[in-house]
Peer 1: 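Following this message is one structure expressed as structure tokens.
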Amino acid sequence: MKRSAAVRLGATLATAALAAATGLVASTSSASAAVTGSATGYATQNGGTTGGAGGQTVRATTGTAIHAALCNRASSSTPIIIEVQGTINHGNTSKVSGSSCNTADGVIELKQISNVSIVGVGSGAVFDQLGIHIRESSNIIIQNVTVRNVKKSGSPTSNGGDAIGMESSVRNVWVDHATLEASGGESEGYDGLFDLKNNTQYVTLSYSILRNSGRGGLIGSSESDRSNGYVTFHHNKYENIDSRTPLLRGGISHIYNNHYVDVHESGINSRAGARAKVDNNYFEDSKDVLGTFYTSEAGYWQVSGNIFDNVTWSSRSGDKQPAGPNPTSNTSVGIPYSHSLDNANCVPDVVNRTAGANKGNRVSNGNCTPQNPGPTDPPTDPTDPPTGPTDPPTGINLSLGAGADGSSKASGTSYGNVIDGNMSSYWSPSGSTGSVSVKWPSATSVSKINIREAAGAEGTIRNWRVLDHDTGAVLTSGSGAGVISFPRTSLRKVTFEITSSNGTPRIAEFETYNG
């Protein structure tokens with residue numbers, strides 16, 4: 001017994017020594033509210049993107065401390081939130097070894113791991129001349145960070161010159177409120193700001209600034225690298241970029257509500273069979289902002305609601321096939337997730353007020369109005385009571401006799417089980433997140449819903465959104481099952497979307513009311 005205590009004391013002292021040496025300055029036993037908002041776009045698909053939600057929170061002030069936090073986990077999939085404050089550079093970023101990590105010197109290496117959030121806090125997190133590399137990993141969130149001047153030639157070099165790069169079977173990454181910038185193009189030693197290649201899927205880049213670079217980013221490293229896709233770009237600002245905003249090779253992308261200003265050579269370059277849905281963007285003082293460029297292998301686009309303000313277009317010839325001067329759709333792209341579009345004429349203003357690091361992680365509400373998001377990281381104790389409103393509903397349950405569908409269902413469960421008035425049957429998604437909807441043949445007014453979890457599953461649901469399915473408008477959001485109120489809305493289909501949980505949710509009833 002005494003020897004075990006001594007061993008434990010030795011381990012504790014060793015951990016403390018490592019923390020002091022690396023800059024791992026704080027630790028808490030449960031997740032904090034560092035991550036705000038919830039993943040959007042394609043990052044919500046394939047089971048969703050929650051990062052380190054539900055895991056331990058640590059504070060890091062060096063790159064070595066970030067690596068140490070990854071390596072100190074129980075396993076490579078143990079959830080963790082790493083709050084970063086200060087400047088991370090080559091001088092404080094070294095390889096750390098461990099069974100739950102695979103790190104390297106001179107780069108923030110997220111390799112062969114999952115369930116991680118890296119979040120800038122306090123006075124901010126700046127990755128100076130140091131890139132973030134995501135490889136063979138899944139369920140990663142990067143929020144509120146600046147990555148600048150990462151070089152592939154000259155000195156010092158990092159991450160092949162990419163600010164953020166992903167490759168080799170990467171799944172479900174949400175990069176949000178980031179500032180990615182360089183100080184020139186390839187001749188000055190820089191490469192891309194946001195590159196995805198070799199089977200990278202279900203990624204969203206939102207509310208970010210990409211600027212002062214020769215290359216904005218790419219999806220696919222060559223015409224044959226077509227295994228990437230399902231990528232969303234929304235509410236980003238591309239400024240003073242030569243090309244690749246982004247370059248698309250194969251796959252599907254959704255590009256909406258972005259502001260492009262001072263794009264010099266070419267913008268959205270859809271090629272090699274890529275299909276892009278390009279909605280409500282504002283293109284300004286730029287050249288050839290959409291088309292197929294520098295290849296004979298065509299790409300495709302569906303366009304609507306965009307504004308082209310002082311955009312010039314080249315003549316079509318050879319391997320230069322701009323979509324303008326009057327871009328029209330040449331394909332159709334279906335989008336599987338709900339989203340709210342701001343009108344293009346307000347995009348410069350709303351993006352300027354929300355995009356980039358250290359902006360308070362503000363987002364748009366779909367009506368061109370910035371707002372503050374709420375925290376979404378749930379507590380780790382599964383016995384915590386739900387926090388949703390519990391006032392009892394009144395009137396007729398409109399779900400009885402309605403229809404139901406959803407995003408996925410676990411074996412043995414049914415969408416119809418949520419509208420049958422029977423608490424002994426239930427619907428579950430195929431994973432820990434998903435959505436279920438109640439629908440009617442004509443518009444129906446709804447102002448309150450009651451989400452009732454099946455016996456034994458109470459408290460499983462954590463964070464959620466309620467959507468007008470047809471418009472994509474978010475009616476309300478919160479945490480915990482129970483009665484949920486929102487302004488009376490006339491709709492044909494209302495969706496309850498679970499964005500995080502502490503297990504597999506089981507919804508016995510999805511009741512709807514008009515009062």
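The analysis underlying the following values was restricted to heavy atoms, covering all of them including side chains, and did not include hydrogens, waters or symmetry mates.
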Peer 1: Quick one: does W301's side chain get under 4.5 Å of I268's, heavy atoms only?
Peer 2: no
Peer 1: K197 and D225: which non-hydrogen atoms are nearest, and at how many Å?
Peer 2: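 Looks like CB-OD2, 3.4 Å.
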Peer 1: Are the side chains of S270 and R275 in contact, using a 4.5 Å heavy-atom criterion?
Peer 2: no
Peer 1: Taking all non-hydrogen atoms of both residues, which atom of A473 and which atom of S340 are closest, and how far apart?
Peer 2: CA-OG, 3.4 Å
Peer 1: May I ask you to decide if T331's main-chain N or O and S329's side chain share a donor-acceptor pair within less than 3.5 Å?
Peer 2: no
Peer 1: Would you check if there is a donor-acceptor pair between the side chains of N463 and S500 at a distance under 3.5 Å?
Peer 2: yes
Peer 1: Assess whether side chain to side chain donor-acceptor pair (under 3.5 Å) is satisfied between T232 and Y337, documenting all intermediate values.
Peer 2: CA-CA 11 Å; T232 301; Y337 51 82; 2.8 Å; yes
Peer 1: Within this structure, what is the CG-CD distance for the pair D319 and E297, rounded to the nearest 0.5 Å?
Peer 2: 12.0 Å
Peer 1: Test D105 against H90 for side chain to side chain donor-acceptor pair (under 3.5 Å), laying out the working first.
Peer 2: CA-CA 8 Å; D105 291 332; H90 283 262; over 6 Å; no
Peer 1: Are E109 and R135 within salt-bridge range, i.e. N to O under 4.0 Å?
Peer 2: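 Looking at R135 together with E109, the answer is no, because their closest N to O distance does not fall below 4.0 Å.
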Peer 1: Keeping T157 on the side-chain end and S153 on the backbone end, is there a donor-acceptor pair under 3.5 Å?
Peer 2: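 Checked: no pair found.
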Peer 1: When rounded to the nearest 0.5 angstrom, what distance separates CG in L196 from CD1 in I219?
Peer 2: 5.5 Å
Peer 1: Which is it for N258 and N236 under the side chain to side chain donor-acceptor pair (under 3.5 Å) test, yes or no, and what are the steps along the way?
Peer 2: CA-CA 5 Å; N258 301 288; N236 304 299; 3.1 Å; yes
Peer 1: Can you tell me how far OG of S158 sits from CD of Q129, rounded to the nearest 0.5 angstrom?
Peer 2: 9.5 Å
Peer 1: Evaluate the criterion side chain to side chain donor-acceptor pair (under 3.5 Å) for residue pair H259 and E239; output intermediate values, then yes/no.
Peer 2: CA-CA 8 Å; H259 184 204; E239 182 178 17; over 6 Å; no
Peer 1: Is a side-chain N or O of N72 found less than 3.5 angstrom from the main chain of A68, in a donor-acceptor match?
Peer 2: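 Yes; at least one donor-acceptor contact below 3.5 Å.
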Peer 1: What are the two closest heavy atoms between F293 and R271, and how far apart are they?
Peer 2: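 Nearest heavy atoms, F293 then R271: O-NH1, 3.2 Å.
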Peer 1: Checking the side chain of N257 only, and the main-chain atoms of N280 only, is there a donor and an acceptor separated by less than 3.5 Å?
Peer 2: yes
Peer 1: Going by atom types only, do Y238 and S286 share a side-chain donor-acceptor pair under 3.5 Å?
Peer 2: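 No, because no side-chain N or O of Y238 sits under 3.5 Å from a partner of the opposite role on S286.
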Peer 1: Any idea which heavy atoms bring W174 and A43 closest together, and the distance?
Peer 2: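 What the structure gives for the nearest pair is CB-CB, 4.2 Å.
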Peer 1: Does some side-chain heavy atom of S338 sit less than 4.5 Å from a side-chain heavy atom of E497?
Peer 2: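 A side-chain contact under 4.5 Å is absent here.
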Peer 1: Verify, without hydrogens or angle tests, whether N139 (side chain) and T50 (backbone) share a donor-acceptor contact under 3.5 angstrom.
Peer 2: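 Confirmed, N139 side chain pairs with T50 backbone.
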Peer 1: For the residue pair N281 / Y260, report whether a side-chain donor-acceptor contact shorter than 3.5 Å exists.
Peer 2: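 No, because no side-chain N or O of Y260 sits under 3.5 Å from a partner of the opposite role on N281.
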Peer 1: Between atom CD of Q321 and atom OG1 of T292, what is the distance when rounded to the nearest 0.5 Å?
Peer 2: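 Here the interatomic distance stands at 7.5 Å.
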Peer 1: State which residue, out of N372, N361, D176, fulfils the side-chain hydrogen bond (donor to acceptor under 3.5 Å, both in side chains) condition with T36.
Peer 2: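 Going through the options one by one, the only one that passes is N361.
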Peer 1: Rounded to the nearest 0.5 Å, what separates atom OG in S213 from atom CG in D242?
Peer 2: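 Going from the OG atom of S213 to the CG atom of D242 covers 7.5 Å.
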Peer 1: What verdict does the side-chain contact (heavy atoms from CB on, under 4.5 Å) test give for Y42 and I252, after you've listed the backbone C-alpha separation in whole Å, the side-chain angles of each residue and the deciding distance to 0.1 Å?
Peer 2: CA-CA 10 Å; Y42 274 114; I252 293 175; 3.5 Å; yes
Peer 1: Flag the pair R148 and D128 as a salt bridge only when some basic side-chain nitrogen lies within less than 4.0 angstrom of an acidic carboxylate oxygen.
Peer 2: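 Salt bridge present between R148 and D128.
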Peer 1: I'd like to know if the side chain of N306 and the backbone of V278 have a donor-acceptor N/O pair within less than 3.5 Å.
Peer 2: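 Flag set: sc N306 to bb V278 pair under 3.5 Å.
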Peer 1: Any ion pair linking R59 and E83 (charged N to carboxylate O, less than 4.0 Å)?
Peer 2: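 A salt bridge is present here (some side-chain N lies under 4.0 Å from a carboxylate O).
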Peer 1: Only one of T87, V126, L180 forms a side-chain contact (heavy atoms from CB on, under 4.5 Å) with T146, so which one is it?
Peer 2: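 Looking at T87, V126, L180, the match for T146 under the side-chain contact (heavy atoms from CB on, under 4.5 Å) is V126.
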Peer 1: Between T103 and S94 (side chain of the first, backbone of the second, donor and acceptor by atom type, cut-off under 3.5 Å), is there such a pair?
Peer 2: no
Peer 1: Could you tell me whether the side chains of S222 and S224 share a donor-acceptor contact shorter than 3.5 Å?
Peer 2: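 Looking only at side-chain atoms, S224 and S222 do form a donor-acceptor pair, the distance falling under 3.5 Å.
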Peer 1: Between the side chains of S123 and Q85, does any donor sit under 3.5 Å from an acceptor?
Peer 2: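 Yes, a side-chain donor-acceptor pair sits under 3.5 Å.
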Peer 1: Check V96 against C101 and note the closest heavy-atom contact, atom names and distance.
Peer 2: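 The answer is O-SG, 3.6 Å.
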Peer 1: Between N310 and D285, do the side chains contain an N or O donor and an N or O acceptor separated by less than 3.5 Å?
Peer 2: yes
Peer 1: Between S77 and N115, do the side chains contain an N or O donor and an N or O acceptor separated by less than 3.5 Å?
Peer 2: no
Peer 1: Determine whether Q201 and N46 make a side-chain contact, defined as any pair of heavy atoms from C-beta on separated by less than 4.5 Å.
Peer 2: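 Answer no - side chains too far apart.
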Peer 1: Identify the two heavy atoms, one from T49 and one from I140, that lie closest to each other, and give their separation to 0.1 Å.
Peer 2: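 So the two residues come closest at CG2-O, 3.7 Å.
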Peer 1: Ring centres under 6.0 Å, that's the criterion: do Y207 and H234 meet it?
Peer 2: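 So the answer is yes for these two rings.
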Peer 1: Is R249 salt-bridged to E223, going by a charged N under 4.0 Å from an acidic O?
Peer 2: yes
Peer 1: So does K320 have more than 12 non-hydrogen atoms from other groups sitting under 6.0 Å from NZ?
Peer 2: no
Peer 1: Could you tell me whether the side chains of H254 and D279 share a donor-acceptor contact shorter than 3.5 Å?
Peer 2: yes
Peer 1: Is R215 close to D191 at the side-chain level, that is, under 4.5 Å between some pair of heavy atoms?
Peer 2: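 Side-chain contact under 4.5 Å: yes.
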Peer 1: State the CH2-CZ distance between W313 and F308, to the nearest 0.5 angstrom.
Peer 2: 5.0 Å
Peer 1: Report yes if some heavy atom in the side chain of H235 is under 4.5 Å from a heavy atom in the side chain of Y256; otherwise report no.
Peer 2: yes
Peer 1: Do N198 and S168 pair up side chain to side chain, a donor and an acceptor below 3.5 Å, judged on atom types alone?
Peer 2: yes
